[in-house]
Amino acid sequence: MLTSLLDGLFDGISIGSVLLLAALGLAIVFGLMGVINMAHGELMMIGAYTTFVVQNAFKSFGKPWFGAYIFVALICAFLVTALLGLVLERGVIRHLYGRPLETLLATWGVSLILRQFVRSVSWVMVLGLGVFCVLYFGAMTIISRMPNVEKIRGWARIVLLPLSAGIAWAAGSMLGQTYQLAATKPWFGAQNVDVTAPGWLRKGIKLGTYQLPYVRLFILVLTIVCIIGMYMFLQRSAWGLRIRAVTQNRSMSACLGIPTKRVDALTFAIGSGLAGVAGCAVSLLGSVGPNTGQNYIVDTFMVVVVGGVGKLVGSIVAAMAIGIANYMIGANALSPLVSWFPQLAGILEFFANASMAKVLVFALIVTFLQFRPAGIFPQKGRMVDA
Amino acid sequence: MVSQTVSSFPDGTQPILDISNLNVYYGESHILRNVDLSVGPGKMVCLIGRNGVGKTTLLKTILGLLSPRTGNIVLEGHSLLSQTPDQRARLGIGYVPQGREIIPSLTVQENLILGLEARPQGRQKSDTIPEQVFQLFPVLASMLGRMGGDLSGGQQQQLAIARALVGNPRLLVLDEPTEGIQPSIILEIEAAVRRIVETTGVSVLLVEQHLHFVRQADWYYAMQKGGIVASGSTNELSNHVIQEFLAV
C-alpha cells in the first residue's frame with residue numbers, strides 16, 4: 001500500500017509540475033497584472049508547434065545534434081510566444097486595461113484566431129501577412145513622423161488599410177498560382193502532429209516495480225528552473241522591482257518615473273514566453289494539435305485562483321495539491337486508505353477515473369473557494385488599478 | 001489678493017511652474033475653472049481650501065494623472081500637456097500623495113530605490129540612495145529591511161517624502177502630508193520640508209489644512225468651487241481667510 005501511495009504521490013507531483021509550468025505564465029499575466037488572458041492556452045499551443053518546427057529542423061542535422069534540439073526548442077518557444085504576447089499586449093490588451101469583461105472576450109477571440117491560424121498557415125498566408133504588415137505599419141510609421149499627423153491619421157488608415165490588404169492578397173495569389181500546392185498547402189493542417197522526445201528522454205529510472213520516466217523528471221526540473229528564474233528576476237532585477245511596483249500601484253509608480261507601459265509590455269511578454277515553455281514541455285507528453293492549449297486553460301486558471309491571485313508560492317502549492325488530488329482520486333489510490341470507512345471508499349471508487357476525478361477535484365475547489373475566496377495565500381497589497 | 005500667473009517675478013526670476021487658464025472636467029462635471037497658479041524657484045507655495053474644492057484634482061492634473069480640457073501647464077519653460085506622468089517625474093516633479101501610497105509589500109529600501117527612477121536618465125546602475133535622505137529622516141536608516149506596509153503613518157510619510165527626494169526633483173508636490181499624523185511627527189515633517197527648501201533650493205507646492213504648516217509657506221493660493229479666489233503672502237494671512245478656507 002505504501003509503494004502505491006508513493007507511486008501516486010510522484011505521479012501527482014509530476015502532473016502538478018506540468019500544471020504549474022502551464023500556470024506560471026498565467027500567474028504573471030493574470031495573477032500580477034490582473035489580465036484574464038483566454039488565449040494563454042493558445043500561446044502554449046504555439047510553443048508546442050514551435051517545438052515541432054525546431055525538431056523537424058534538427059532532424060536534418062543528424063543524430064548527435066537531434067538529442068539537443070529540446071534546448072533550442074525551449075529558447076525558440078519562449079522567444080516566439082513572448083514576441084506574440086508583446087504584439088497581443090500592444091495591439092489588443094493595452095486598450096482594455098481595467099475592463100475585464102472586454103479583455104476576456106477579446107482574448108477569447110484571439111484564441112479562436114490562433115487556433116484557426118495553425119490549421120491554415122501556409123507560405124501564401126505568411127507572405128500575404130508579411131506584405132500587409134510591411135506596407136501598412138511601414139506607411140503608418142512614416143506618417144506618424146510627419147507634421148500635423150493627427151489631422152491625417154484617420155484618412156491614412158481608411159486609405160492604407162484596404163490598399164495594403166489588396167496588395168497583400170494579390171501578392172499571395174500570385175505566389176499561389178506560381179508555385180501551386182507547394183505554396184498553398186497548410187504547414188500543419190487540422191490533424192495533430194507528433195513531437196518525438198530526444199533519445200535520452202525516452203528512458204527512465206526503475207524504482208522497484210515503478211518506472212520513473214526521464215521526460216517527467218525533465219519537466220519537473222524545467223518547472224523548478226523556471227520558478228527559480230522567475231523568482232530571481234522579480235526579486236533581484238531592476239525590471240522585477242518595477243514590475244512589482246506597477247502591479248501594486250500603477251498610478252503612483254508612474255508618478256515615480258517608472259515607464260508603466262513598457263513594464264506592462266515586458267510583463268505580458270514574459271508571461272506569454274513562459275506559456276511557450278510550458279507548450280514545449282507538454283509537447284513531450286502527447287501529440288500537438290490546435291486544441292492542445294484548451295486542455296490546460298481551465299486547470300491553469302484554477303491553480304492561480306486556488307493559490308491566491310498574485311502569489312507565486314500559492315500557485316506552486318495549488319498546482320501540486322490539484323495534481324496529486326487528481327491522480328490519487330483518478331488512480332483509486334485513496335480508497336484503500338479509507339477501507340475502514342466503506343461508504344467513503346465506495347464514493348472514492350465511483351470517482352476513480354480521469355474525468356470523474358476532475359469533477360470531484362473541481363467540486364472540492366468550488367467548496368474551498370466558498371470558505372477562502374482569496375485562495376490559499378490571499379493578496380495583501382493592491383491589485384492593478386487601471 | 002488677485003489670482004494670476006506671472007511671466008516673471010518682481011526679482012526677475014522665472015516661475016518654475018506656471019499654470020494658466022486650466023479647466024478640468026470629470027465627464028461633464030466642470031471641476032477646475034480657469035485656474036492660474038505660479039511657483040517661483042526655491043519657494044514654498046501652499047494651496048488651501050475646504051474639502052472637495054479641487055485641490056487634489058489640480059495636483060493630479062499637474063502630475064499628468066488627469067488631462068485638462070483647456071489651459072497649459074509649464075515646467076521650467078516646457079509645456080507638460082503632452083507628457084505622461086513618468087515623463088513628468090523625470091522632468092523634475094516629485095510627488096508625495098495624500099495617503100502616502102507607499103508600496104506595501106516592498107521594503108523601505110526598495111521603496112527608496114523606486115524614487116531613483118525619477119532622475120532625468122531614469123535609474124542607473126551606479127545610482128545609490130543619497131545620504132542626505134537619512135540625515136533628514138534618521139528613522140528610515142534603521143528600517144531599510146522592513147516592509148513599507150508595516151511602518152506607522154508618520155514613518156510612511158517620511159518615507160514618501162524621502163522617496164520623492166531621491167529623484168532630485170525641481171518641484172516637490174505634497175498633498176496633505178500631515179493628514180492622520182500624530183502632532184509630534186507633524187512638527188518633524190514641517191521642519192524637514194522647510195529644511196529641504198532652504199538647503200536644496202527645490203520649489204514646493206503644498207496642499208495643507210494644518211495652519212502652522214501653512215504659515216511655513218512663502219505664498220498661498222486659496223481655492224473655492226474649483227477656482228483660485230485669493231492669493232498672497234502667508235505673512236498676510238488674515239483670520240477671515242483662515243476661517244473661510246482652512247475650516248473643514
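Numbers restart at 1 for each chain; the letters A, B, ... are given by sequence-line order, proteins then strands.
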query: How many angstroms lie between atom CE of A:Met252 and atom CZ of B:Arg163, to the nearest 0.5 angstrom?
result: 4.0 Å
- prompt: Distance from A:Leu256 atom CG to B:Ile103 atom CD1, nearest 0.5 Å?
  reply: 7.0 Å
field: Within 6.0 angstrom of A:Phe233 CZ, more than 12 heavy atoms from elsewhere
entry: yes
message: At a heavy-atom distance under 4.5 Å, which candidate from B:Ala89, B:Gly94, B:Gly64 has the highest pair count against chain A?
response: B:Ala89
message: Are A:Pro259 and B:Thr84 packed together at the side-chain level, in the sense that at least one heavy-atom pair is separated by less than 4.5 angstrom?
response: no
Any A:Gln248 side-chain heavy atom under 4.5 Å of B:Leu106 side chain: yes
message: Heavy-atom cut-off 4.5 Å, strictly under: side chain, backbone, both or neither for B:Leu114 against chain A?
response: both
query: Has A:Arg262 got more than 12 heavy atoms of other residues, nucleotides or ligands less than 6.0 Å from its CZ?
result: no
More than 12 heavy atoms of other groups within 6.0 Å of A:Arg90 CZ: no
- request: Taking atom CZ of B:Arg146 as the centre, report whether more than 12 heavy atoms of other residues, nucleotides or ligands fall under 6.0 Å from it.
  value: yes
- request: Drop me the distance from B:Arg123's CZ to A:Leu241's CG, to the nearest 0.5 angstrom.
  value: 6.0 Å
message: Surrounding CD of B:Gln124 (heavy atoms of other residues, nucleotides or ligands, distance under 6.0 Å), is the total greater than 12?
response: yes
Gap between atom CD of B:Glu117 and atom SG of A:Cys255 - 0.5 Å precision: 13.5 Å
